[in-house]
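Each chain gets a letter, A, B and so on, in the order the sequences are listed, and its residues count up from 1.
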Number of protein chains: 2
Amino acid sequence: MVGTRKFNEEKVLDIAIDVFSRKGFNATTMLDLAKETGVQRGSLYNAYQNKNVLFFKAFSHYTDKFLTFIESELQQSDAKKAFTQLLKTVVERLCSDKEVKGCFSTRAIMEAAQQCPDIHVCLTRFLDGLEVIMKNRLEQAIKDKQFVGDAQSSARYLVALTRGIAVIERVYNDKARMTEIYQTALEYMPFKKVS
Amino acid sequence: MVGTRKFNEEKVLDIAIDVFSRKGFNATTMLDLAKETGVQRGSLYNAYQNKNVLFFKAFSHYTDKFLTFIESELQQSDAKKAFTQLLKTVVERLCSDKEVKGCFSTRAIMEAAQQCPDIHVCLTRFLDGLEVIMKNRLEQAIKDKQFVGDAQSSARYLVALTRGIAVIERVYNDKARMTEIYQTALEYMPFKKVS
DNA sequence: ATCATTTTTGACATAGGTGTCAAAGTTAGT
DNA sequence: ACTAACTTTGACACCTATGTCAAAAATGAT
């Protein structure tokens, strides 16, 4: 390649995710992204055509990392512990920063899903991915006699629950409340101790 | 009063709720509201100072009606049936229109809660109200030996679940999926049949 | 070292939304 | 019927964001 790109694309996408997380999709402008990444607005328009495409790229970047992470969190022999661990880190991620942040994907769903078919598709794929990962782990748990519910419907239910927790974060921004919610949910689910 | 307001304020607020539901808070402009209500933009600025205040008024109008409605849905002797009924109508409301709509409050939470303290307060109050209504019904169920969980934490959990279902609506817009989710959740909850 | 190709940069025109205001219109109360 | 008080209306100035473009700068390949 000849006129090589100056900016670190990975870094820009990471920052973009952060900005989108904090401000939401609509409230984030190309100027915001330019300022926070240190890349000129024109360069962003050159590299990506517009905000939608930039978002699309940033989101793909994010989901790949996130789904891998989720999957790794579920690698634990005890199924209930595995899901507890997963939800615990999800909550911790949501509340990690001093400054209020929020869930990237949930904010995007509520704002951008209808506006742009491409974004809608990648959001759907993301939730589908989450669901599959959870379903697989639940099927394993059923085989291990650690769970007696239906894997498919329980996975869908858990996906919805995580979205709900992300909404609760916006209102109360209270880790204890979010923890209480997922603990209640997991307590009610038909996990079994194997003796 | 002398120069009386021409437009029907109740009607305007109802329409405003509808527009905010469909477009979301940020994407809704005063022009949109003027067009859809048939009231001139200037009149809206005269009656309410700005979009935030208008939203605030519309939201108060909405929550009063909604919470009363929720409470009435829970008036059933069988606790599990009562909550099933509630979630069923919530889902039906979310999917009722031919054109995609979405949950007014959840959209507002994800978009506007951080932007405006007033709105944040009324959103918090709304969720608190929901929680109290559900908690009261669960306490009744416990007295009736129809529920063996903790009323407070279960109510918070259910509030989160309804928010999650509203997010799922945005992505899949699929009534069957939403129904499956709340049925799974209620199935897992420790409701008891009284014989 | 030069060239071809891409990126960077700043400027520009455009579009859309906000909030304000003065003038015109309306109406309850006297 | 008149008036005082309010609403309606359309115009206005302002701001912010978008997307485009031409010129300048940068650099891998020859």
Quiz item: Where do B/Phe56 and B/Asp118 come nearest, in terms of heavy atoms and distance?
Solution: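 So the two residues come closest at CE1-O, 3.6 Å.
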Quiz item: Can a salt bridge be assigned to the pair A/Arg93 and A/Glu169 using a cut-off of 4.0 Å between side-chain N and carboxylate O?
Solution: no
Quiz item: Looking at B/Tyr182 versus A/Tyr157, is the centre-to-centre ring distance below 6.0 Å?
Solution: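 No.
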Practice problem: Could you list by number each residue of residues 10-35 of chain B showing a heavy-atom separation from DNA chain D of less than 4.0 Å, or answer none if no residue does? | Solution: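 Residues of residues 10-35 of chain B that come under 4.0 Å of DNA chain D do not exist, since none gets that close.
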Quiz item: For residues 38-60 of chain A, which residues have at least one heavy atom under 4.0 Å from DNA chain D?
Solution: A/Arg41, A/Tyr45, A/Asn50
Quiz prompt | Pairs touching residues 137-163 of chain A that satisfy salt bridge (Lys or Arg N to Asp or Glu O under 4.0 Å), sequence neighbours left out | solution = A/Glu131-A/Arg156, A/Arg156-B/Glu180
Quiz item: Looking only at atom types and distance, does a side-chain atom of A/Gln140 sit under 3.5 Å from a main-chain N or O of A/Asn136, one as donor and one as acceptor?
Solution: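 Answer holds: no.
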Quiz item: With a cut-off of 6.0 Å (strictly less than), are more than 12 heavy atoms of other residues, nucleotides or ligands near CD of A/Gln49?
Solution: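 Counting neighbours around CD of A/Gln49, 12 or fewer heavy atoms of other residues, nucleotides or ligands fall under 6.0 Å, so no.
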Quiz item: D/dT9 P sits how many Å from B/Arg5 CZ, rounded?
Solution: 13 Å
Practice problem: Decide whether a cation-pi geometry holds between A/Lys51 and A/Phe25; the criteria are a distance under 6.0 Å from NZ or CZ to the six-membered ring centre and an angle within 45° of the ring axis. | Solution: yes
Quiz item: Any idea how B/Tyr62 and B/Phe104 line up, ring-wise: parallel (<30°), tilted (30 to 60°), or perpendicular (>60°)?
Solution: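 Geometry flag for B/Phe104 against B/Tyr62: perpendicular rings.
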